[in-house]
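Computed from a predicted model, the values in this text were never measured in an experiment. Every chain is numbered from 1, with letters handed out A, B, ... down the list of sequences.
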There are 2 protein chains.
Amino acid sequence: MHNRCMIDPRLITLRVFARCGTVGATAELTGFSPSAVSAQLRELQRVLGMQLLTKDGRGVRLTATGRFLVAGSDALIAQWESLRAAALEAGDQVQSNFGLGGFSTAAAQLLAPLAATLRSTRPLLKVQVLEAEPARCFDLLVAERIDLAVVVAMQSDVHSDAHVEDDPRFEQTVLLDDPLDVIIPSDHPLASRETVTLDELASEPWITEAAGSTYHSLFTAAFTAVGATPRIAHEAVEWETLIAFVGAGLGVGLLPRLAPLHGAENVVRMRITGRGKPSRRIVAAVRRGSIASPLIQESLGILQVRADRILTARPDDDR
Amino acid sequence: MHNRCMIDPRLITLRVFARCGTVGATAELTGFSPSAVSAQLRELQRVLGMQLLTKDGRGVRLTATGRFLVAGSDALIAQWESLRAAALEAGDQVQSNFGLGGFSTAAAQLLAPLAATLRSTRPLLKVQVLEAEPARCFDLLVAERIDLAVVVAMQSDVHSDAHVEDDPRFEQTVLLDDPLDVIIPSDHPLASRETVTLDELASEPWITEAAGSTYHSLFTAAFTAVGATPRIAHEAVEWETLIAFVGAGLGVGLLPRLAPLHGAENVVRMRITGRGKPSRRIVAAVRRGSIASPLIQESLGILQVRADRILTARPDDDR
DNA sequence: ATAACAGTGCACAATAGGTGCATGATCGAT
DNA sequence: ATCGATCATGCACCTATTGTGCACTGTTAT
């Protein structure tokens with residue numbers, strides 16, 4: 001992953017800094033120490049003869065020049081990625097390092113099989129998989145730590161101030177729409193049903209993720225679509241916890257189709273039909289320009305096949 | 001000069017190699033040792049996962065992929081230069097290192113004053129001047145050893161297979177047309193004249209530079225324009241030598257207006273009028289994209305002023 | 001006031017990257 | 001064929017860039 005980029009790593013660091021705003025966070029994201037980041041940025045300014053940073057309180061801030069440079073660097077990076085992809089394609093050759101990133105379920109269900117496939121078909125390719133939250137995945141892409149990320153598409157909701165879909169730094173392709181199923185206790189009156197609608201569930205006590213998380217906004221969006229206001233009884237972070245809560249009869253919850261139940265007791269998984277059928281859109285994101293790379297193309301193909309298989313494995317899926 | 005470029009220096013090395021074809025020459029031009037160049041190129045291939053070179057006899061040759069990459073890198077470099085220039089301009093800041101290159105007379109008459117001016121107006125700017133032949137100047141630009149070169153424009157003659165004027169790697173601006181004067185012995189019948197035409201000189205024994213040199217082709221071009229075939233009696237390399245030859249009565253020669261006689265004995269310098277008036281076009285060349293840089297702009301301005309002053313210093317100039 | 005936090009300078013350490021020389025391989029000349 | 005010249009490359013060694021860990025300063029929040 002590191003240094004296969006022809007762009008000066010210090011400029012990459014600057015870009016990461018532009019994204020997260022503090023030296024410490026930049027250090028964490030790039031894998032350097034804060035001192036190293038500080039030194040890199042100082043050296044960058046010296047070499048370029050530009051003042052890129054100013055002190056701002058106890059932190060530092062980009063100057064106008066710095067912002068300008070970062071903004072312009074998008075196109076530069078994209079052009080390099082494009083060139084590299086074209087050269088690889090033209091020469092029918094393959095890159096030697098490949099970094100993958102994705103959030104938990106994606107990592108397990110999509111990235112792991114992809115990595116396995118690549119490992120067998122391209123023995124000399126070094127694949128590295130990183131599990132990380134969607135937002136962090138984009139950061140890791142910018143930081144050149146990974147080359148491809150599987151994330152849930154931001155619904156360009158109230159929260160996301162910037163539209164990630166047309167970010168000039170990334171290109172995204174839809175892999176699948178992962179429907180959200182409902183998990184209810186086995187002894188619940190609705191447990192024997194084949195499918196259920198959101199309206200029927202509106203009055204149930206709900207278990208969700210903490211407010212502000214990606215899934216929480218998905219959750220509220222689904223219910224506002226049908227005009228209901230569900231009662232949130234409990235909050236969980238891990239799927240495991242949510243399933244356990246439901247199993248204990250504390251309420252019902254939404255679980256992505258991709259997330260496995262693996263033998264959880266006292267709960268049933270049920271399809272949701274009708275209006276406001278919730279789903280999360282899972283997309284693959286790469287740095288702009290790199291999408292033409294043969295390895296990226298092959299990976300996207302493998303992911304697509306895998307995604308389709310996951311969906312068609314449940315023949316009664318009504319998405 | 002070194003490493004103010006955000007593009008990986010190994011890619012720069014590859015570009016230089018693409019230009020000169022051998023590791024040794026690349027080493028000489030970049031200032032590295034041959035081992036270093038070899039190691040750099042090997043590392044580049046490893047990092048990119050591309051085979052860029054193949055053995056070819058006792059040397060190495062670019063593969064198709066390598067040529068592709070080099071060709072595409074032109075645009076990448078240009079974009080970086082452009083971005084840097086724009087950022088410098090936007091932030092009203094100046095770069096800290098500046099490399100100048102030019103051939104002998106240009107270096108003395110144009111670059112030296114420019115360097116002096118910059119040194120006084122920008123005390124903290126490190127200026128480095130390299131004297132080098134025009135062809136080498138372009139190489140040095142590619143190698144990022146210099147940022148601005150003053151060269152005689154290739155007349156896109158028979159010799160130059162590739163048109164340098166529209167090379168995607170460079171941008172050129174005309175500084176001045178340096179007329180060629182004739183140097184004749186003081187005791188020559190024509191020595192008392194104010195001006196002379198090429199026709200009148202056609203039958204003289206001529207002293208030129210070695211065949212194949214830039215000036216030699218200029219020389220022949222001038223005479224073919226008037227339909228004459230001058231007799232070449234002697235060849236010199238340095239202007240000093242040519243002047244000495246003429247002073248010794250061995251023949252007559254052409255000397256650029258820019259080249260000073262400084263007190264040479266037994267010779268007179270004389271304007272040439274009429275058809276086929278020979279001159280060499282002197283241009284400033286920079287890497288494409290960098291022309292918008294404020295420092296480049298200022299330098300071009302200074303050079304232009306200096307060039308105009310040189311021409312107008314001889315008020316009877318009839319160019 | 002005090003604690004927590006952000007960034008930076010410094011001594012030290014690791015390591016990337018350079019040089020110089022020796023080696024192997026190829027071509028052109030005798 | 002043989003020899004020398006030319007090129008590239010591998011290796012041992014070295015240097016100097018670059019990263020780490022820690023201490024220190026300045027700033028904000030409690």
Legend entry - Which residue lies more 5' along DNA chain D, comparing A36(A) with G21(B) via nearest heavy atoms: G21(B)
Inset, instruction - Check for a donor-acceptor pair, side chain of E209(A) on one end and backbone N or O of H216(A) on the other, with a separation under 3.5 Å. - result: no
Legend entry - Q40(A) vs dG19(D): side-chain N/O to OP1/OP2 distance below 4.0 Å: yes
Legend entry - Any donor-acceptor N/O pair under 3.5 Å between dG10(D) base and S35(B) side chain: yes
Legend entry - Phosphate-side-chain proximity, R42(A) and dG7(C), N/O vs OP1/OP2 below 4.0 Å: no
Inset, instruction - Figure out the CZ/C1' separation between F17(A) and dG7(C), and round it to whole Å. - result: 10 Å
Inset, instruction - Write down the distance between CD (E43(B)) and P (dG17(C)), rounded to a whole number of angstrom. - result: 7 Å
Inset, instruction - Check the distance between dT9(D)'s C1' and K55(B)'s NZ and give it to me in whole angstrom. - result: 7 Å
Legend entry - Q297(B) (side chain) donor-acceptor with I291(B) (main chain) under 3.5 angstrom: yes
Inset, instruction - For V37(A) and for P34(B), find the nucleotide of DNA chain C with the closest heavy atom, then tell me which residue's nucleotide is more 5'. - result: V37(A)
Inset, instruction - For R58(B) and dC3(D), give me the distance from atom CZ to atom C1', rounded to whole Å. - result: 13 Å
Inset, instruction - State which of dG7(C), dA8(D), dT20(D) makes the closest approach to the side chain of V60(A). - result: dG7(C)
Inset, instruction - Starting at atom CZ of R46(A), determine the distance to atom C1' of dT18(D), rounded to an integer number of angstrom. - result: 13 Å
Inset, instruction - Grab the CG-C1' distance between D56(B) and dA8(D) for me, whole Å please. - result: 12 Å
Legend entry - Salt-bridge contact R15(A)-E144(A) (side-chain N to carboxylate O under 4.0 Å): no
Legend entry - R61(B) CZ - dT26(C) P separation (whole Å): 14 Å
Inset, instruction - Return yes if a side-chain donor-acceptor contact under 3.5 Å exists between Q51(B) and T63(B), otherwise no. - result: no
Legend entry - Nearest-angstrom distance from the residue atom CG of L44(A) to P of dT17(D): 17 Å
Inset, instruction - May I ask you to decide if S35(B)'s main-chain N or O and S38(B)'s side chain share a donor-acceptor pair within less than 3.5 Å? - result: no
Inset, instruction - Describe the nucleic acid contact of S33(A) in one word from base, sugar-phosphate, nothing, applying a heavy-atom distance below 4.0 Å. - result: base
